[in-house]
> 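Below is one structure. I have some questions about it.
As the structure is a prediction and not an experimental result, all values here were calculated from the model. Index from 1, following the sequence.
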Amino acid sequence: MSRGENVRLTRRISATGAMAIAVGAVALSSAAPALAAPGDASARGVVIDLSAAVAGIPVITADVVIGSATAPAGGGTDTDTALAITIPGALGVTATGTVVEVSATRGETASSANAEIADLTLAILGTPVIDAEVITAAVNCPQTGAQTADTTFTGLELFGEPVTLVPNSPGVTASAAVTVPGLTGAALNATLTNVETVTEDGAVAIAVQATLRLTGSVVGGPLLDIPVGTVILAEARCERPLGPTPTPTPTPTQPTPSPTQPTAPPTDDPTQPPTASPTPILPVTGADATGLWWLFGIGTAMVTLGGTISLILRRRRMSPSA
């Protein structure tokens with residue numbers, strides 16, 4: 001392979017690697033939000049998210065959350081009460097009633113949440129869709145024991161007809177004729193469901209969840225089926241807490257042993273003069289040996305001197321007379 005081909009191959013590999021890195025970054029940035037953490041709790045009163053258009057012209061628009069509570073991260077309760085149900089800036093949607101309370105609590109041994117709505121009316125394109133006297137949702141997540149989710153509704157009606165919702169079932173579906181400019185045979189279709197879900201670590205309760213669709217035909221065109229959106233009435237969620245954090249037991253601190261110091265010899269009494277080392281005593285004579293060493297040294301010097309003189313004299317005798 002030539003040098004030019006090597007360079008091109010290297011560039012191609014580098015470009016492929018850069019593309020892989022970019023794709024990975026995009027995938028990570030678009031990942032789903034993190035799951036709820038232990039001890040989390042939240043509640044919402046009314047959540048409306050509706051939008052629809054016919055032939056490019058908006059006919060339904062409403063986006064609002066009325067009443068929201070989230071348990072404080074450090075523990076305690078978040079509560080909101082007596083909130084009027086209104087939808088500012090909505091198109092083709094009206095609502096009245098009161099969010100009586102939304103509350104969420106985080107504790108060491110349990111988390112919980114609840115929501116309550118009273119005297120609700122929701123109308124879309126001038127047609128009453130949902131009416132209810134009281135709607136509630138409540139969850140409880142103890143650290144020890146079963147998680148619970150409960151919902152209630154009094155006077156619940158769909159398009160003016162009383163309905164009863166069974167938890168975690170397909171729900172109830174109904175429709176009503178509506179008037180929509182540019183659409184013939186228009187009808188609003190609604191499905192109401194009820195959710196009461198518990199797991200080993202959490203609970204979810206949604207008293208009423210409405211899924212809405214608009215159908216009809218444009219003059220001279222095919223039948224249209226337009227998704228409109230969802231409405232949630234009274235929602236509560238919680239997660240089992242991990243429990244109180246155990247207080248660590250302090251470990252007794254052991255004293256650090258000091259390095260062993262050598263034992264110093266006994267110190268003489270500073271008030272006494274130093275004791276001189278005794279001069280050895282000759283075992284035979286009993287006299288002091290100091291004088292003997294001096295004598296030995298003088299004798300050795302004399303022997304050496306004598307030997308030297310003797311050598312000089314011997315050389316002189318051996319030399320011929322002058």
> Can V100 be reached from I130 by stepping across I, L, V, M, F, W or Y side chains whose heavy atoms are under 4.5 Å apart?
no

> Go through the steps for L188 and V129 under the test side chain to side chain contact (heavy atoms under 4.5 Å, CB included), then give the verdict.
CA-CA 9 Å; L188 183 65; V129 180; 3.8 Å; yes

> Is the side chain of R240 donor-acceptor paired with the backbone N or O of Q143 at a distance under 3.5 Å, no angle test?
yes

> Under 4.5 Å between side-chain heavy atoms, counting indirect links through other Ile/Leu/Val/Met/Phe/Trp/Tyr residues: same cluster for V134 and V163 or not?
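No, separate clusters.
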
> Report the hydrophobic cluster partners of V204, with the cluster defined as I, L, V, M, F, W, Y residues connected by side-chain heavy atoms closer than 4.5 angstrom, directly or transitively.
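V204 shares its hydrophobic cluster with V47, V65, V195, I206, I232.
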
> Looking at side-chain heavy atoms only, is the closest gap between V219 and T184 below 4.5 Å?
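V219 vs T184: side chains touch.
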
> Donor-acceptor check, side chain of Q147 to backbone of P142, threshold 3.5 angstrom: yes or no?
yes

> Could you measure the distance from the CD1 atom of I87 to the CG atom of L50? Nearest 0.5 Å is fine.
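The distance works out to 7.5 Å.
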
> Measure across L83 and G67 and return the closest heavy-atom pair with its distance rounded to 0.1 Å.
CD1-CA, 3.3 Å

> For S42 and A113, which heavy atoms make the closest approach, and how far apart are they?
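Closest approach of S42 to A113: O-CB, 3.2 Å.
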
> So how far is it from I226 CD1 to S51 OG, rounded to the nearest 0.5 Å?
10.5 Å

> Looking at side-chain heavy atoms only, is the closest gap between I117 and I85 below 4.5 Å?
yes

> Can V139 be reached from F153 by stepping across I, L, V, M, F, W or Y side chains whose heavy atoms are under 4.5 Å apart?
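As far as the 4.5 Å side-chain criterion goes, V139 and F153 are not connected within one cluster.
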
> Could you tell me whether the side chain of R106 and the main chain of P72 form a donor-acceptor pair under 3.5 Å?
yes

> Does some side-chain heavy atom of V208 sit less than 4.5 Å from a side-chain heavy atom of L165?
yes

> Strictly distance-based, threshold 3.5 Å: is any side-chain N or O of N194 a donor or acceptor partner for the main-chain N or O of A207?
yes

> How close do A104 and A71 get, heavy atom to heavy atom, and via which atoms?
CB-N, 3.5 Å

> Are L192 and V166 in one and the same hydrophobic cluster, where Ile, Leu, Val, Met, Phe, Trp and Tyr link if side-chain heavy atoms are under 4.5 Å apart?
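No: no chain of side-chain contacts under 4.5 Å links L192 to V166.
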
> Quick check: do V64 and V46 have side-chain heavy atoms less than 4.5 Å from each other?
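Of all side-chain heavy-atom pairs linking V46 with V64, none is under 4.5 Å.
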
> Once side chain to side chain donor-acceptor pair (under 3.5 Å) is applied, what residue pairs with a partner in residues 65-90 remain, sequence neighbours excluded?
T77-T105, T79-S103

> Kindly compute the distance separating CD (E101) from CD (E116), expressed to the nearest 0.5 Å.
7.5 Å

> Measuring from atom CG of L242 to atom CD of E108, what distance do you get when rounded to the nearest 0.5 angstrom?
11.5 Å

> Could you check D131, T96, T94 and say which one makes a side chain to side chain donor-acceptor pair (under 3.5 Å) with T121?
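That would be T96.
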
> Of all heavy-atom pairs between A149 and V198, which one has the smallest distance, and what is that distance?
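Minimum heavy-atom contact is N-CG1, 3.8 Å.
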
> Identify the two heavy atoms, one from A205 and one from A138, that lie closest to each other, and give their separation to 0.1 Å.
CB-O, 3.9 Å

> Could you check whether any side-chain N or O of S111 sits under 3.5 Å from a backbone N or O of E239, counting only pairs where one atom can act as donor and the other as acceptor?
yes

> Are the side chains of L183 and L214 in contact, using a 4.5 Å heavy-atom criterion?
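The answer is yes; the side chains approach within 4.5 Å.
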
> Would you compute the distance between atom CD1 of I135 and atom CG of L156 and round it to the nearest 0.5 angstrom?
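Spacing of CD1 (I135) from CG (L156) equals 6.0 Å.
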
> Looking only at the side chains, is there a donor atom on one of T136 and T152 sitting less than 3.5 Å from an acceptor on the other?
yes

> Looking at C141 and P241, what are the two nearest heavy atoms and their distance?
O-CD, 3.2 Å

> If you measure only the distance, is there a donor-acceptor pair under 3.5 Å linking the side chains of E196 and T151?
yes

> Which residue is it: T173, T211, T230? I am looking for the one with a side chain to side chain donor-acceptor pair (under 3.5 Å) to T191.
T173

> Hydrophobic cluster membership, with links at side-chain heavy-atom distances under 4.5 Å among I/L/V/M/F/W/Y: are V218 and I60 in one?
yes

> Measure from the side-chain N and O atoms of T199 to the backbone N and O of D201, and report whether any donor-acceptor pair falls under 3.5 Å.
yes

